[in-house]
Amino acid sequence: MMKQGKRAKSRAAVKIELADRLKKLPPYLFAEIDRVKRAVSRTGRDIIDLGVGDPDLPTPPHIIDALHRAALDPGNHRYALDLGMPVLRQAIAEWYARRFGVALDPATEVLPLIGSKEGIGHIPFAFVNPGDAVLVPDPGYPVYQATTILAGGEPYYMPLKEEHGFLPDLERIPRDICRASKLMFVNYPNNPTAAVCGKEFFTCVVEFARRHGVIVCHDAAYTELAFDGFRSPSFLEVEGAKEVGIEFHSLSKTYSMTGWRIGFAVGRADVVAGLGKIKSNLDSGIFQAIQLAGVAALRGPQDFLTEYLGIYQRRRDVLVDGLRALGWNVAKPKATFYVWAHVPSGSTSGGITRLLLERAGIVVTPGNGLGPSGEGYIRMTLTVGEERLREAVERIKKITF
Ligand SMILES: *Cc1c(COP(=O)(O)O)cnc(C)c1O
């Protein structure tokens, strides 16, 4: 016994080295924020968290009922088909036809995912070779950059500038980068800038992709969260889009289902198939009861969304009008549940983030943490109630900048 214990001890002492690919990832943005947040929290201070992009509104009851019914059926307890149940693929295709007027073949152009992050995270493994460039928006959802690095690709950051409507300026991407690029990520309505785009931009993207042989991956997670009557297009609505790429979509934001893990990729069949091939080697599909709940979400009543959008919109007005009254330079977003605010002059993203946390107990995301072009901004989410947002504005008012 003694001997074994000793051996186990010496074994534990062996140094474990992380793989180089993990060492190449940039430091985790939220680690430092979390540290300060915990420190402030320990003082007993009430914290208003405007940092996380996770809906506080519940999943609608008819979707939960569908999960409950499906969970009771032992037929759903087994491994799922790794490429998704036919009924879910069909429901996704119908939803795209209804919502965007886009026709999809459920057998070859639709792929259910364990949340869209899963598909976004895996797509470079299907198409990017070491040294290939991947065009990534800056600032942007951190997964685009991380997965590119993990797959051995080289991220090329496309700055999203306010004077350009927070759209990447495709003309400014250097020729050699265009040549080396295999994949391009775009995302509208956009996280974190809350910018939206019309079909004209997507038309330019299709033209660019054709010219340079780049696969477009459009992340459409927020198309349904739009205000003031704005209607977000699908990338696939544009002529030729289905020949150059795919679109990622998610039930997470539309149906308040972030924890459920269900999303999908749709578009060009061989791109969908490449992603499917990676997945079939790594996972065994989505729990079937969740797939059937997804069918209930896509085919069921959509009127709850009008109510939810009303709630987000009122919150947006409380926060944006409140900050503007304090002299802040903040645009009123047409979509997403993010507010992308200029930091007060003389400050920086990091400086204001720390100040808001330490002096007002408010957590925000520093813009530069989502990419160097995010410097000078902070991101605030509308996933807390109106009263809390009013309270946040009151607290900010008391800080003198
Ligand atoms: C929230 C979000 C997603 C959705 O992620 P899921 O994995 O489907 O929950 C995708 N892209 C962006 C930009 C997001 O903000």
Side-chain angles (χ1 to χ4, degrees), residues 29-30 50-59 63 84 88 92 95 110-124 134-148 155 157-158 160 166-168 183-197 216-226 232 234-235 245-267 275 279 282-283 285-287 290-291 293-294 297-298 308 312 333 335-340 364-365 367 369-371 374 379-383:
L29 151 72
F30 296 98
L50 308 181
V52 284
D54 190 353
D56 61 316
L57 306 174
T59 309
I63 302 173
L88 175 58
I92 292 166
W95 187 82
V110 175
L111 179 64
L113 300 168
I114 311 170
S116 60
K117 180 179 183 180
E118 181 259 306
I120 293 165
H122 281 145
I123 190 84
V134 175
L135 304 171
V136 170
D138 155 37
Y141 187 52
V143 185
Y144 311 137
Q145 159 192 285
T147 184
T148 298
Y157 301 99
M158 304 181 289
L160 307 186
F166 295 113
L167 302 171
L183 222 65
M184 171 189 218
F185 285 107
V186 271
N187 164 224
Y188 293 94
N190 184 256
N191 173 9
T193 66
V196 296
C197 78
V216 177
C217 297
H218 180 242
D219 180 352
Y222 295 97
T223 55
E224 305 315 291
L225 302 192
S232 258
S234 159
F235 174 64
I246 60 171
E247 182 155 86
F248 289 100
H249 224 301
S250 176
L251 277 68
S252 287
K253 312 293 160 59
T254 312
Y255 299 100
S256 281
M257 290 174 73
T258 45
W260 298 53
R261 311 315 301 134
I262 180 165
F264 51 89
V266 291
L275 177 56
K279 279 176 62 59
L282 291 176
D283 68 66
I286 312 164
F287 178 30
I290 290 178
Q291 297 194 46
L298 294 167
Y308 280 20
Y312 287 132
T336 77
F337 44 51
Y338 301 109
V339 166
W340 185 241
V364 302
T365 303
L370 299 164
R379 191 193 72 178
M380 297 164 139
T381 61
L382 302 172
T383 51

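Side-chain atoms are counted along with the backbone in the values below, which use heavy atoms only and exclude waters and symmetry mates. As the structure lists them, so they are numbered: ligands from 1, and atoms in each ligand from 1.
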> After noting the C-alpha distance and the side-chain angles of L251 and I63, does the key distance pass the side-chain contact (heavy atoms from CB on, under 4.5 Å) rule?
Replying inline: CA-CA 11 Å; L251 277 68; I63 302 173; over 6 Å; no
>> Would you say the ring centers of F185 and Y141 fall short of 6.0 Å from each other?
In response: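 Ring-ring flag for F185/Y141: false, centres at least 6.0 Å apart.
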> Does the ring center of Y188 lie less than 6.0 Å from the ring center of F235?
Replying inline: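 Aromatic pair excluded; centres sit 6.0 Å or further apart.
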> Between H249 and T254, does any side-chain donor sit less than 3.5 Å from a side-chain acceptor?
Replying inline: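 Their side chains do not contain a donor-acceptor pair, so the 3.5 Å distance test is not met.
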> Does a donor on one side chain and an acceptor on the other come within less than 3.5 Å for E224 and Y255?
Replying inline: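 The criterion, which ignores hydrogens and geometry beyond distance, is not satisfied for Y255 and E224.
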> What residues, two or more places apart in sequence or in another chain, satisfy salt bridge (Lys or Arg N to Asp or Glu O under 4.0 Å) together with K279?
Replying inline: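 Once residues adjacent in sequence are excluded, the partners of K279 under the salt bridge (Lys or Arg N to Asp or Glu O under 4.0 Å) criterion are E118, D283.
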Write out each pair where an N or O from ligand 1 and one from the protein are under 3.5 Å apart, with the distance.
{"unit_1": "ligand 1", "atom_1": "5 (O)", "unit_2": "S116", "atom_2": "OG", "d": "3.4"}
{"unit_1": "ligand 1", "atom_1": "7 (O)", "unit_2": "S116", "atom_2": "N", "d": "3.2"}
{"unit_1": "ligand 1", "atom_1": "7 (O)", "unit_2": "K117", "atom_2": "N", "d": "2.8"}
{"unit_1": "ligand 1", "atom_1": "7 (O)", "unit_2": "R261", "atom_2": "NH2", "d": "2.6"}
{"unit_1": "ligand 1", "atom_1": "8 (O)", "unit_2": "S116", "atom_2": "N", "d": "2.7"}
{"unit_1": "ligand 1", "atom_1": "8 (O)", "unit_2": "S116", "atom_2": "OG", "d": "2.8"}
{"unit_1": "ligand 1", "atom_1": "8 (O)", "unit_2": "S250", "atom_2": "OG", "d": "2.6"}
{"unit_1": "ligand 1", "atom_1": "8 (O)", "unit_2": "S252", "atom_2": "OG", "d": "3.4"}
{"unit_1": "ligand 1", "atom_1": "9 (O)", "unit_2": "S252", "atom_2": "OG", "d": "2.6"}
{"unit_1": "ligand 1", "atom_1": "9 (O)", "unit_2": "R261", "atom_2": "NH1", "d": "2.9"}
{"unit_1": "ligand 1", "atom_1": "11 (N)", "unit_2": "D219", "atom_2": "OD1", "d": "3.3"}
{"unit_1": "ligand 1", "atom_1": "11 (N)", "unit_2": "D219", "atom_2": "OD2", "d": "2.6"}
{"unit_1": "ligand 1", "atom_1": "15 (O)", "unit_2": "N191", "atom_2": "ND2", "d": "2.9"}
{"unit_1": "ligand 1", "atom_1": "15 (O)", "unit_2": "Y222", "atom_2": "OH", "d": "2.7"}
{"unit_1": "ligand 1", "atom_1": "15 (O)", "unit_2": "K253", "atom_2": "NZ", "d": "3.3"}

